[in-house]
Amino acid sequence: MAPWSKSSWQNFEALQQPKWADEAEYQEAIGSISKLPPLVFAGEIRNLKKDLALASEGKAFLLQGGDCSEDFHNCTAPVIRESLKVILQMAIVLSYAGGKPVIKVGRMAGQYAKPRSADLETIDGVSHPSYRGDMVNSPDFTAEARRPDAGRMLQGYHLSAATMNILRAFTRGGYASVQRVHSWNQEFVKSSPMGRHYDRLAKSIDQALNFMKVVGIDTDIPQLNQAIFYTSHEALLLGYEEALTRQDSITGGWYDCSAHMVWIGDRTRQLDGAHVEFLSGVLNPIGMKVGPKHDLDTICRLLDKLNPENEAGRITLITRFGESIDKHLPGLIRRIKQEGYKVVWSCDPMHGNTYTAETGYKTRNFNDILQEIQCFFEMHWAEGSVPGGVHFEMTGQNVTECTGGGRNIVAQNLTENYLTNCDPRLNAEQSLELAFQISEMIRR
Ligand code: PEP
Ligand code: CO
């Protein structure tokens, strides 16, 4: 077989690619992106891989979250800040309760392309190409809006760069200090309907921080005033990913510099497919979604291909089973253990729990999400393996897209602030509640 190169994927079948309207326009956009600077650096990617290696051994915990699909219009400082804020808040709760560092990875700064179940969407007898993410087309239901437009990839690159820049500023410039994030959590505990329930944990964190001050530990240090925040998205548009794949000048290795971590979706992880070929050669940490329709032998062959050296931190298996978790997860854990594969196990409790409410809105229920997470932890503990992380679709905006939670959003409330172009997200309050609930499960 021909050796890997950043373009060798082109010899394989690539599923879920848009039918770009104009080939010359496509080549021009890809050509421009390939000359633009990388969005992240190889050294940062290596650091994340080291952190994830710790998560695979239970010495760190992965928190990955953000929009199902980022929206070009929402590339604004307030929207980015509010999502970052919630992830930081969740991370403090989880790191305190779990007694280990939390690796923070946003579905941010590039999560602009989506796989879809059908190529066409039909409303009242009219069909247009499906919306495939802002980097491809626009959600409005008109022929013009749905036309795949390669210029959007270039725009997506620039908006990813702007997002990355503000994330770096927020996390390095004092905004992410532990003290400040904790004070937001205290506000949440005061204002949330379930607040009293979370009061005890918030108080112990407060005592721990005070204790450091009282005994004279210098709190003016980067570990307490800055956060390390990584980015990730689904590596779906392979032309775009190839254009941002660069050779590291220090090691000579190839890195996909569009994000620190990239993942491969449940729909595009064919063993002989273009996505697997592409990802097999870049050195980033790779996430792999695993849904109910998987086959154990194929998962093993995929791991052999994507991680032939069985390097810890390279692969995160993101399971998304929904209520069939008890049918699928124990067998998968046993097989991976038996074969000795090193992976980070992460739970995506979102994609197996989507349903359409009686009002016609696509939604997810808070309790179903919590239930899948609970099963995930218990099954790993029962099998003697390590539950290493969680993966959420969430936002800092006050949306009404998922039902349940402390304010008990019901189907009728979904219309109030339903903003997602794709899957329903947890809002800020629901996300924090989940973190507090998980903290009860993992509290040492
Ligand atoms: C997603 O993470 O938004 C997604 C499409 O997931 P999956 O590949 O698991 O369906
Ligand atoms: Co989604």
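FYI, the numbering just counts along the sequence from 1. Note that the structure is a prediction, hence the values are computed from the model and not measured. Heavy atoms only: backbone and side chains are in, while hydrogens, waters and symmetry mates are out. Both counts, for ligands and for their atoms, begin at 1 and track the order of listing.
Under the salt bridge (Lys or Arg N to Asp or Glu O under 4.0 Å) criterion, K49 pairs with E311, sequence neighbours left out. In terms of the ring pair (Phe, Tyr, Trp, His ring centres under 6.0 Å) criterion, residue partners of Y175 (sequence neighbours excluded) are, by chain and number, F170, W184. By the side chain to side chain donor-acceptor pair (under 3.5 Å) test, S34 is found to be paired with no residue, residues two or more places apart in sequence or in another chain being considered.
Residue-level check: among N/O/S atoms of D423, OD2 sits closest to the Co ion (ligand 2). When distances from the Co ion (ligand 2) to the N, O or S atoms of E393 are compared, OE2 comes out shortest.
Put simply, the side chain of S130 never gets that close to the backbone of R132: no donor and acceptor are under 3.5 Å apart.
Listed by chain and residue number, the protein contacts of ligand 1 are C68, R107, K114, P115, W263, G265, D266, R267, K289, R320, H351, E393 (heavy atom within 4.0 angstrom).
Residue C422: no N/O/S atom is found under 2.8 Å from the Co ion (ligand 2).
Counted by atom type alone, S69 and N421 present zero donor-acceptor pairs between their side chains at under 3.5 Å. There is no side-chain donor-acceptor pair under 3.5 Å between H275 and Q16.
When ring centroids are compared, W263 and H391 come within the 6.0 Å threshold.
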